[in-house]
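Have a look at the structure below, then the notes.
All figures in this text were calculated on a predicted structure; none of them were measured in a lab. Numbering of residues begins at 1 and proceeds along the displayed sequence. Counting convention: from 1, in listed order, for ligands and their atoms alike.
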Amino acid sequence: MTSLPPPFQPPVRTLMGPGPSDVSPRVLEALARPTIGHLDPRFVAMMDEVKGLLQYAFQTRNELTMPVSAPGSAGMETCFVNLVEPGDEVIVCINGVFGGRMKENVERCGGTAVVVEDEWGRAVDPDKVKAALAAHPQAKILAFVHAETSTGARSDAEALCRLAREHECLTIVDTVTSLGGIPVLVDQWGADAVYSGTQKCLSCVPGLSPVTFSDRARAAVERRKTPVQSWFLDLNLVLGYWGSGAKRTYHHTAPVNALYALHEALRLLREEGLEAAWARHERHHQALRAGLEAMGLELVVPAAERLPQLNAVRVPEGVDEAAVRAALLDEFDLEIGAGLGALAGKVWRIGLMGHSCNRRNVLLCLGALESVLGRMGAPIEVGAALPAAMAVLDG
Ligand SMILES: Cc1ncc(COP(=O)(O)O)c(C=O)c1O
């Protein structure tokens, strides 16, 4: 037998990658409170508060609004496995990694994916979607990613949902990276099945996936001809526990402490207010952008399609991108992300999400990047980034 390992003590990092983001001490403190039973009346009362706070975060009155007990990928699967039946046609927009995963989900549910492709680093083009909807009148669902974390591109969710409604199509919308960072207006958009994650702009611990279903989406689940192939994610069963009835019945053992953490993270968002949180993300993004550009670095996504909370930065010619990330981690305890898929090796992804989105982090990141890139002899302007960022923050 191997010897007893010591208790795990994680280093204190600053998380400025694509998620998880820094978690507030208030959320960590909530996580450490005593575990109680998942059917304890006090816990059940807290679950109702979580649902109400999630309705606020999603800007919806949807009754079916709750956290799935697993990470964002499970929220994605919840939407697909409940809404897609064998033989269904689904229009899937792909402009990065996560649209590709949506296509996989459709196919694994026995559906047919009609792919609308856009360049990585660009928003989904509504004109292409309009053409696909016209060419496929049988399509049941339009699926797209609002905030493509692999590239930092933001798509016009309101326009895409409007197009879908005009064609009597349901929508599945990925808001994993958008919720809490930019407007997610589920009722105003008329979106149908929307999922998110806790570890991005909500700044909660990873491992939960808020979802919300419109009445239309719920009716489509009830009309299914075939049972949902996933037992764990079948909403008809999950709702015995999370539904609105007075009696909650056992479905699975809820992650009790993680839900305390989500409750506190959502309280923090409610305290700050959504509009203030969106404005904070935009202000710090503009400061980071100004600093990066002053250094001579370039953002991948055109200005009008950029996400404030995920900044994809082109790696300058001749620079070893992995060595830069390693130096930031070793010397500054600062995590930024690598490129994914088609952008692997070509970009860094700098997150400004939730609790990580603050003045100190913007300045730390710019100063640390400048120091590491300068030492490596990268072609950057030294000394310009911090004044440029501070001019935005203090201007
Ligand atoms: C846009 C998007 N969708 C889905 C996911 C999957 O979420 P998770 O990693 O929590 O399963 C992610 C995670 O980064 C994401 O960014």
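Taking atom 8 (P) of ligand 1 as the reference point, the nearest protein heavy-atom neighbour is Gly72 N, 3.5 Å. Remark: minimum distance from atom 12 (C) of ligand 1 to any protein heavy atom is reached at Phe98 CE2, 3.3 Å. Looking from atom 9 (O) of ligand 1 to the surrounding protein, the closest heavy atom is Gln199 NE2, 3.9 Å. Ranking the protein heavy atoms by distance from atom 11 (O) of ligand 1 puts Ser73 OG, 2.5 Å first. For atom 3 (N) of ligand 1, the closest non-hydrogen atom on the protein side is Asp174 OD2, 2.6 Å.
Residue Gln309 comes nearest to Thr177 through the heavy atom pair NE2-O, 3.0 Å, listed as atom of the first residue, atom of the second, then distance.
In this structure, Arg108 pairs ionically with Glu104, as a charged nitrogen and a carboxylate oxygen lie closer than 4.0 Å. Between Arg122 and Glu148, no side-chain nitrogen of the basic residue sits less than 4.0 Å from a carboxylate oxygen of the acidic one, so the salt-bridge criterion is not met. Ion pairing between a basic and an acidic side chain is recognised when a charged N comes within 4.0 Å of a carboxylate O; Glu272 and Arg280 show such pairing. One finds no salt bridge joining Arg375 and Glu370 here, because no Lys/Arg side-chain nitrogen approaches an Asp/Glu carboxylate oxygen to under 4.0 Å. For the pair Glu264 and Arg267, the salt-bridge criterion is met [side-chain N within less than 4.0 Å of a carboxylate O].
Between Pro67 and Trp242, the closest side-chain pair of non-hydrogen atoms falls below 4.5 Å.
Heavy-atom proximity to Pro71, at under 4.0 Å, picks out these atoms of ligand 1: 8 (P), 10 (O), 11 (O). With ligand atoms numbered from 1 in the order given, ligand 1 contributes 16 (O) to contacts under 4.0 Å with heavy atoms of Thr177. Ligand 1 places these atoms under 4.0 Å from at least one heavy atom of Thr149: 1 (C), 2 (C), 15 (C), 16 (O).
Between the side chain of Ser356 and the backbone N or O of Asp22 there is at least one donor-acceptor pair closer than 3.5 Å.
Considering backbone and side-chain atoms together, Met76 places no N or O closer than 3.5 Å to any N or O of ligand 1.
The closest approach between a heavy atom of Lys200 and any atom of ligand 1 is below 4.0 Å.
By the criterion of a heavy-atom distance under 4.0 Å, the backbone of Ala147, and not its side chain, is placed next to ligand 1.
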